Undergrad: 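Handing you this structure, nothing more for now.
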Amino acid sequence: EVQLVESGGGLVQAGGSLRLSCAASGFTYEYYAIGWFRQAPEKEREGVSCISSNDGSLYYADSVKGRFTISRDSANKAVYLQMNSLKPEDTAVYYCAGTRFPLSPGLCLNREYLEVWGQGTLVTVSS
């Protein structure tokens with residue numbers, strides 16, 4: 001069974017940092033794209049950051065550019081999201097997601113193209 005399991009969420013004060021981890025298991029092929037999404041209460045799930053395996057490009061939502069950094073450890077089949085300078089509006093459930101199918105660069109922030117999802121980890125930023 002293909003699985004993505006997130007960890008690292010928690011409660012942090014505004015201006016603080018957290019590092020989310022996503023461990024992939026149950027497959028033998030690398031994801032063509034993998035990344036992070038988030039969903040705040042009563043809001044739609046949105047793309048935060050992703051990595052395209054086509055060319056190794058990194059993509060970020062405008063709201064997190066300069067504060068969040070995505071990275072991947074192919075050997076350990078894990079992807080990470082370093083979140084700095086956190087704001088209360090970053091409060092959300094964060095999901096790791098990926099696709100095992102070829103995906104055009106730049107589309108990995110669109111949740112409709114990713115078919116494998118983790119269960120999510122809650123990040124709460126207090127003001």
Side-chain angles (χ1 to χ4, degrees):
E1 180 185 4
V2 176
Q3 269 193 319
L4 296 173
V5 180
E6 305 95 334
S7 61
L11 174 65
V12 64
Q13 288 188 333
S17 299
L18 280 176
R19 186 183 191 228
L20 304 183
S21 299
C22 172
S25 64
F27 67 99
T28 57
Y29 304 103
E30 281 196 6
Y31 284 100
Y32 280 93
I34 192 165
W36 292 92
F37 292 72
R38 67 185 181 186
Q39 188 166 17
E42 300 182 358
K43 291 189 176 181
E44 290 191 357
R45 193 170 300 186
E46 63 175 357
V48 175
S49 181
C50 60
I51 298 174
S52 172
S53 296
N54 289 338
D55 57 2
S57 294
L58 310 180
Y59 297 90
Y60 295 94
D62 288 342
S63 58
V64 306
K65 282 181 181 176
R67 300 188 298 122
F68 291 10
T69 302
I70 191 170
S71 61
R72 184 173 64 179
D73 182 343
S74 297
N76 293 321
K77 296 180 179 177
V79 64
Y80 308 97
L81 186 68
Q82 177 66 43
M83 305 185 295
N84 298 328
S85 302
L86 283 161
K87 305 174 181 179
E89 51 264 43
D90 293 319
T91 294
V93 177
Y94 283 71
Y95 298 90
C96 179
T99 179
R100 295 160 293 169
F101 302 99
L103 185 64
S104 297
L107 293 180
C108 56
L109 282 179
N110 188 327
R111 67 176 188 257
E112 296 177 355
Y113 291 100
L114 305 181
E115 79 279 3
V116 183
W117 290 81
Q119 82 290 348
T121 185
L122 177 63
V123 172
T124 304
V125 184
S126 63
S127 57

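What you see is a predicted model, and the numbers here were worked out from it, not measured in a lab.
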Undergrad: What orientation do Phe68 and Tyr94 show, parallel under 30°, tilted 30 to 60°, or perpendicular over 60°?
TA: tilted

Undergrad: Would a 4.5 Å heavy-atom cut-off, applied to side chains only, mark Met83 and Val125 as touching?
TA: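 No - every pair of side-chain heavy atoms lies 4.5 Å or more apart.
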
Undergrad: If you look at every heavy atom in Ala14 and Pro88, which pair is closest and at what distance?
TA: CB-CD, 4.1 Å

Undergrad: Determine the minimum heavy-atom distance between Leu4 and Gly98, stating which atoms define it.
TA: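 That closest heavy-atom pairing would be CD1-N, 3.8 Å.
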
Undergrad: For residues Ser21 and Tyr80, report the shortest heavy-atom separation together with the two atoms involved.
TA: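 Heavy-atom minimum between the residues: OG-CD2, 3.3 Å.
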
Undergrad: Where do Ser17 and Asn84 come nearest, in terms of heavy atoms and distance?
TA: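 Minimum heavy-atom contact is OG-OD1, 2.9 Å.
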
Undergrad: If two hydrophobic side chains count as joined below 4.5 Å and joins carry through other members, does Val93 share a cluster with Val48?
TA: no

Undergrad: Same cluster for Trp117 and Tyr113 if Ile/Leu/Val/Met/Phe/Trp/Tyr side chains link at under 4.5 Å?
TA: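 Yes, Trp117 and Tyr113 fall within the same hydrophobic cluster.
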
Undergrad: When you check the side-chain N and O atoms of Thr99 and Glu115, is any donor under 3.5 Å from an acceptor?
TA: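 Indeed, the side chains of Thr99 and Glu115 share at least one donor-acceptor pair under 3.5 Å.
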
Undergrad: Heavy atoms, side chains only, cut-off 4.5 Å: are Trp36 and Cys96 in contact?
TA: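 The answer is yes, as the side chains (C-beta and beyond) meet within the 4.5 Å cut-off.
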
Undergrad: Give the cluster check for Leu109 versus Leu107: same hydrophobic cluster or not, with ILVMFWY residues linked at side-chain heavy-atom distances below 4.5 Å.
TA: no

Undergrad: What's the spacing between Leu81 CG and Ser49 OG if we round to 0.5 Å?
TA: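 Taking CG in Leu81 and OG in Ser49, the distance rounds to 6.0 Å.
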
Undergrad: Looking only at non-hydrogen atoms, find the nearest pair between Cys108 and Phe37 and report the distance.
TA: O-CZ, 3.4 Å

Undergrad: Is a donor on one side and an acceptor on the other found under 3.5 Å between the side chain of Glu6 and the backbone of Gln119?
TA: yes

Undergrad: Under the 3.5 angstrom rule, does the side chain of Tyr59 hit a backbone N or O of Cys50 as a donor-acceptor pair?
TA: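 Between the backbone of Cys50 and the side chain of Tyr59 there is no qualifying donor-acceptor contact (under 3.5 Å).
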
Undergrad: Restricting to non-hydrogen atoms, name the atom on Ser126 and the atom on Leu11 that form the minimum distance, rounded to 0.1 Å.
TA: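 Of all heavy-atom pairs spanning Ser126 and Leu11, the closest is CB-CD1, 4.3 Å.
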
Undergrad: Mind checking whether Tyr95 and Leu114 sit in one hydrophobic cluster, side chains of I, L, V, M, F, W, Y counted as touching below 4.5 Å?
TA: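 In one cluster with Tyr95: Leu114, yes.
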
Undergrad: Check this for me: does any side-chain nitrogen of one of Lys87 and Asp90 sit under 4.0 Å from a carboxylate oxygen of the other?
TA: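 No, Lys87 and Asp90 are not salt-bridged.
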
Undergrad: Just how far is it from atom CG of Leu58 to atom NZ of Lys65, taken to the nearest 0.5 Å?
TA: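 The distance works out to 11.5 Å.
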
Undergrad: Using 0.5 Å steps for rounding, measure from the CG atom of Leu122 to the OG1 atom of Thr91.
TA: 8.0 Å

Undergrad: Any link between Tyr60 and Val123 through a network of hydrophobic side chains (Ile, Leu, Val, Met, Phe, Trp, Tyr) touching at under 4.5 Å?
TA: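 Yes; tracing contacts between hydrophobic side chains, which count when under 4.5 Å, links both residues.
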
Undergrad: Between Arg111 and Arg45, is there a donor-acceptor pair closer than 3.5 Å when you use the side chain of the first and the backbone of the second?
TA: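 At least one qualifying donor-acceptor pair exists.
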
Undergrad: Start with the C-alpha distance between Ser52 and Leu103, add both sets of side-chain angles, then the distance that settles side chain to side chain contact (heavy atoms under 4.5 Å, CB included), and finish with yes or no.
TA: CA-CA 8 Å; Ser52 172; Leu103 185 64; over 6 Å; no

Undergrad: With rounding to the nearest 0.5 Å, note down the distance linking CG in Asn110 to OG in Ser104.
TA: 11.5 Å

Undergrad: Between atom CD of Glu46 and atom CD of Gln39, what is the distance when rounded to the nearest 0.5 Å?
TA: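 If I round to the nearest 0.5 Å, the distance is 9.5 Å.
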
